[in-house]
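Taking it in order: structure first as structure tokens, then the write-up.
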Amino acid sequence: MIKVGLIGLGYMGGTHAAAYGQLLQKLNFRVTAVADLDQSKADKTAAQFGAAAYYSGDELLKRGDVNVVDICLPTYLHYEYAEKAIGKGLHVFVEKPLCLNSDEAKKLTGYAKQKKVYAQVGQCIRFWDEYEYLKKVYDNKEFGKVLHAKFRRLSPRPTWGWQNWLMDEKKSGGAMLDLHVHDADYMLYLFGKPKKMKAFPNVSGEKWSSVTACCDYGDFSVILEGSWDYPSSFPFEMSYIAAFERATVIFSSNHGVKVCPAGGEAYTPAIQKACAASSGVTGGNISDLGGYYNELYYFLDCLSKKKKPARAPLSAGTEAVKFVEKEKK
Ligand SMILES: NC(=O)c1ccc[n+]([C@@H]2O[C@H](COP(=O)([O-])OP(=O)(O)OC[C@H]3O[C@@H](n4cnc5c(N)ncnc54)[C@H](O)[C@@H]3O)[C@@H](O)[C@H]2O)c1
């Protein structure tokens, strides 16, 4: 039996808890332990699953009856807790970005391999239905060759974090590592590493709070844009435009996907959503459970089949962190 311990019950831990709630109807696993420094959060989530409540990640790792740990702690704590969990031979799911820097990320990747535990990083855009659609049409060459693409992620400042850790770039890496890493990872997943890259980060004021990067793939180019330099009234948006020879595919989290063919009318492609439920968690950027549900479904399904999860390995989490480090340089 898969026994999950969930550490950190803030915005993302709450979202994962909601996804587990949905997944219980589909897969054979239990959430047996949850932990947060905030006792009321731990007690409330524990009651939802009939799980044991712990009031720190360490306590859960010491006493929890678990064989998998899902780490939804602030980024600067990922390495410490993932390393401890792997050291105990537990399988791990680690939220993105994998670690605060690529040295830690590389060490963690090697350690999981050495201890032969299954591990996945929460690069959830790989599992987001509308981004899976783009990957499918790109891989199948449905609209011919890609000509150019743009990936954007724009957000108000994330003020929900515990002790405001997100706004401390030494703890979160700023918008470039926390927010923009999603598009950096997705671009690497889709196209591999670019031949050349030039990034224009914002280094004044709120350091690393925005970036525009131009990536040269030889016969096509990609622009990445990420920023949380926007006021609280600004609506979060993730979006892409991918121009192919025979059609341009556009997506915005505010308007959905459209295909604009070279000849003819734009249309909405049929995209099957595995989970259309909302997390019910307020305060963060996204309440759609889609990609979170899909990534955890995949991870737990692999564990139950004793199959190594390969769609978002820690090595990919490391590459994404490395890419952001390069952009910052
Ligand atoms: N995949 C995504 O789309 C996505 C979205 C948001 C956040 N994240 C990532 O998820 C992680 C968590 O972010 P968040 O927004 O949920 O942060 P948050 O501040 O909302 O939540 C963090 C929680 O951790 C708890 N905590 C801190 N130290 C602890 C400890 N030692 N033991 C137990 N609990 C402890 C805090 O009490 C808090 O409830 C970050 O790495 C972030 O980058 C990913």
Side-chain angles (χ1 to χ4, degrees), residues 11-12 15 18-19 22 96 122-140 142-144 146-158 160 175 178-187 189-191 209-215 220-295:
Y11 166 47
M12 208 21 57
T15 303
Q22 297 282 331
K96 63 33 77 180
Q123 295 291 175
C124 58
I125 296 304
R126 292 174 178 230
F127 297 85
W128 216 270
D129 299 297
E130 293 84 352
Y131 288 80
E132 283 192 326
Y133 172 75
L134 180 61
K135 169 111 173 101
K136 192 184 80 188
V137 299
Y138 172 71
D139 287 349
N140 295 345
E142 202 162 319
F143 304 120
V146 69
L147 305 175
H148 46 88
K150 293 185 180 65
F151 298 94
R152 265 178 135 188
R153 197 162 296 268
L154 309 180
S155 163
R157 287 177 193 90
W160 66 79
D178 191 77
L179 179 82
H180 166 73
V181 74
H182 279 300
D183 294 308
D185 172 67
Y186 184 74
M187 179 188 75
Y189 177 55
L190 204 58
F191 301 134
S209 58
S210 74
V211 65
T212 301
C214 306
C215 303
F220 66 95
S221 60
V222 177
I223 292 178
L224 303 176
E225 192 187 337
S227 178
W228 67 31
D229 270 340
Y230 296 99
S232 56
S233 54
F234 184 90
F236 170 80
E237 184 183 21
M238 57 180 178
S239 62
Y240 62 70
I241 301 178
F244 295 90
E245 289 169 306
R246 293 193 296 277
T248 293
V249 184
I250 58 177
F251 164 68
S252 155
S253 49
N254 298 323
H255 311 295
V257 178
K258 279 258 182 296
V259 177
C260 311
E265 295 286 303
Y267 63 90
T268 304
I271 296 176
Q272 190 107 36
K273 283 196 171 256
C275 174
S278 155
S279 67
V281 180
T282 52
N285 276 335
I286 301 178
S287 55
D288 186 353
L289 264 189
Y292 305 118
Y293 172 95
N294 292 344
E295 66 179 354

Is there a donor-acceptor pair under 3.5 Å between the side chain of [X] and the backbone N or O of [Y]?
X	Y	answer
N140	E142	no
Y186	Y131	yes
K96	D178	yes
Y138	A242	no
Y11	I286	yes
D183	L224	no

>> My understanding is that only one of R152, K150, H180 makes a side chain to side chain donor-acceptor pair (under 3.5 Å) with E225; could you say which?
In response: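 Of R152, K150, H180, side chain to side chain donor-acceptor pair (under 3.5 Å) with E225 is met by R152 alone.
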
> Can F151 and V222 be said to form a side chain to side chain contact (heavy atoms under 4.5 Å, CB included), step by step?
Replying inline: CA-CA 8 Å; F151 298 94; V222 177; 3.8 Å; yes

> Which residues satisfy the ring pair (Phe, Tyr, Trp, His ring centres under 6.0 Å) test with W228, sequence neighbours excluded?
Replying inline: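 Partners of W228 under the ring pair (Phe, Tyr, Trp, His ring centres under 6.0 Å) test: none.
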
> For F220, what residues pass the ring pair (Phe, Tyr, Trp, His ring centres under 6.0 Å) criterion, not counting sequence neighbours?
Replying inline: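 F191, Y217.
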
What's the separation between atom [atom1] in [X] and atom [atom2] in [Y], rounded to the nearest 0.5 Å?
X	Y	atom1	atom2	answer
L289	T15	CG	OG1	7.0 Å
R246	F143	CZ	CZ	8.5 Å
R157	S227	CZ	OG	8.0 Å
Y292	S287	OH	OG	9.5 Å
L154	F234	CG	CZ	5.0 Å

> In terms of side-chain geometry, is the basic nitrogen of K135 or E130 positioned less than 4.0 Å from the acidic oxygen of its partner?
Replying inline: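 Judged by the 4.0 Å cut-off on N to carboxylate O distance, K135 and E130 do not form a salt bridge.
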
Please tabulate, for side-chain N and O atoms in residues 252-259, each donor-acceptor pair with protein atoms closer than 3.5 Å (sequence neighbours left out).
from: S252; atom 1: OG; to: E237; atom 2: OE2; distance (Å): 2.8
from: S252; atom 1: OG; to: N254; atom 2: N; distance (Å): 2.9
from: S253; atom 1: OG; to: M238; atom 2: N; distance (Å): 2.9
from: S253; atom 1: OG; to: M238; atom 2: O; distance (Å): 3.3
from: K258; atom 1: NZ; to: T268; atom 2: OG1; distance (Å): 3.0

Flag side-chain contact, heavy atom, 4.5 Å: [X] against [Y]:
X	Y	answer
Y240	I125	no
Y133	V249	yes
Y267	P261	yes
N285	P156	yes
C260	I250	yes
N294	D129	yes

Atom of [X], atom of [Y] and distance for their closest heavy-atom approach:
X	Y	result
H182	G122	CE1-O, 4.5 Å
F244	G144	CD2-O, 3.5 Å
S279	A18	O-CB, 3.5 Å
W128	G291	CE3-CA, 3.3 Å

>> Run V181 and Q123 through side chain to side chain contact (heavy atoms under 4.5 Å, CB included) and show every step you take.
In response: CA-CA 9 Å; V181 74; Q123 295 291 175; 4.0 Å; yes

